[in-house]
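Notes follow once the structure below has been shown.
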Amino acid sequence: FSSERVVQEVCKADTSDLGGVVAKTLQLCIDKEADDNLTLLAIELGSVPEEGRTVTMTPGNFLKTKDKEVLEQYTSFCLRFGYSLQKEMRPKAPPAAALTETMPTPALPRFPGLP
């Protein structure tokens, strides 16, 4: 999976929603298992009207993950941005990931012992 392929995917995407393009590109990289040491940078050049900041979340591969530590990282990441992520068990159907809005929970400092 090459950087050129990523550029091609971005260039042919509908650029009216930069966040959507970034999300689709990131999901493509994850689907192609190109997620080790992945850095994705999106820069929008030009004059644009200022918009209010909004955050949208998707559950990603939450339901496919089995590692308990990774599941905790998924849920704590979502909480930082004001979403509660849970697995909902449904009768006679596969489980579903449920994202509900909640109050954001700030992350703990990385190095709390430092001044």
Side-chain angles (χ1 to χ4, degrees):
F1 195 72
S2 67
S3 297
E4 290 83 14
R5 171 81 189 278
V6 173
V7 170
Q8 289 172 355
E9 294 296 324
V10 170
C11 288
K12 70 180 184 181
D14 173 22
T15 57
S16 63
D17 177 20
L18 182 62
V21 172
V22 172
K24 287 178 185 174
T25 304
L26 183 58
Q27 189 60 51
L28 173 68
C29 292
I30 291 170
D31 290 344
K32 297 293 184 179
E33 297 182 3
D35 55 351
D36 288 344
N37 298 318
L38 176 65
T39 301
L40 185 61
L41 176 67
I43 300 172
E44 185 173 24
L45 300 175
S47 175
V48 295
E50 188 173 334
E51 295 180 13
R53 182 178 171 163
T54 59
V55 175
T56 55
M57 304 277 301
T58 62
N61 290 332
F62 178 71
L63 293 176
K64 296 179 182 178
T65 304
K66 303 294 182 214
D67 186 329
K68 193 172 189 169
E69 183 178 342
V70 174
L71 292 171
E72 289 173 5
Q73 290 174 354
Y74 262 109
T75 56
S76 67
F77 178 83
C78 290
L79 283 172
R80 285 181 25 206
F81 292 95
Y83 287 89
S84 174
L85 177 62
Q86 297 175 341
K87 183 187 284 189
E88 286 186 349
M89 302 307 286
R90 302 181 298 172
K92 298 182 182 180
L99 276 170
T100 53
E101 287 191 51
T102 187
M103 289 298 295
T105 306
L108 297 174
R110 286 185 78 177
F111 305 105
L114 294 177

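On a predicted model such as this, the values are computed, not experimentally measured, just so you know. Residue numbers count from 1 along this sequence.
- Taken from CG in D31 to CG in L26, the straight-line distance is 9.5 Å, to the nearest 0.5 Å.
- Applying the ring pair (Phe, Tyr, Trp, His ring centres under 6.0 Å) test to residues at least two apart or on different chains, the pairs with a partner in residues 81-106 are F77-F81.
- To the nearest 0.5 Å, the span separating CG on L85 from OG1 on T75 amounts to 7.0 Å.
- Distance check: C78 SG to Q86 CD gives 11.0 Å after rounding to the nearest 0.5 Å.
- Note on V7 and V22: separate hydrophobic clusters, where clusters join Ile, Leu, Val, Met, Phe, Trp and Tyr whose side-chain heavy atoms are under 4.5 Å apart, directly or indirectly.
- No donor-acceptor pair closer than 3.5 Å links the side chain of R5 to the backbone N or O of E9.
- Every residue was checked against the salt bridge (Lys or Arg N to Asp or Glu O under 4.0 Å) condition with K66, not counting sequence neighbours, and none meets it.
- Scanning for side-chain hydrogen bond (donor to acceptor under 3.5 Å, both in side chains) contacts around E4 gives S2, with sequence neighbours left out.
- Listed by chain and number, the residues in a side-chain contact (heavy atoms from CB on, under 4.5 Å) with K87 are F62, L63, M89, P95 (sequence neighbours excluded).
- Shown here are the side-chain contact (heavy atoms from CB on, under 4.5 Å) partners of E69, two or more places apart in sequence or in another chain: D67, Q73.
- Legend: residues meeting side-chain contact (heavy atoms from CB on, under 4.5 Å) with T102, ordered by chain and number and at least two apart, are L79, S84.
- Here the straight-line distance linking atom CD of E88 with atom OG1 of T100 works out to 8.5 Å at 0.5 Å rounding.
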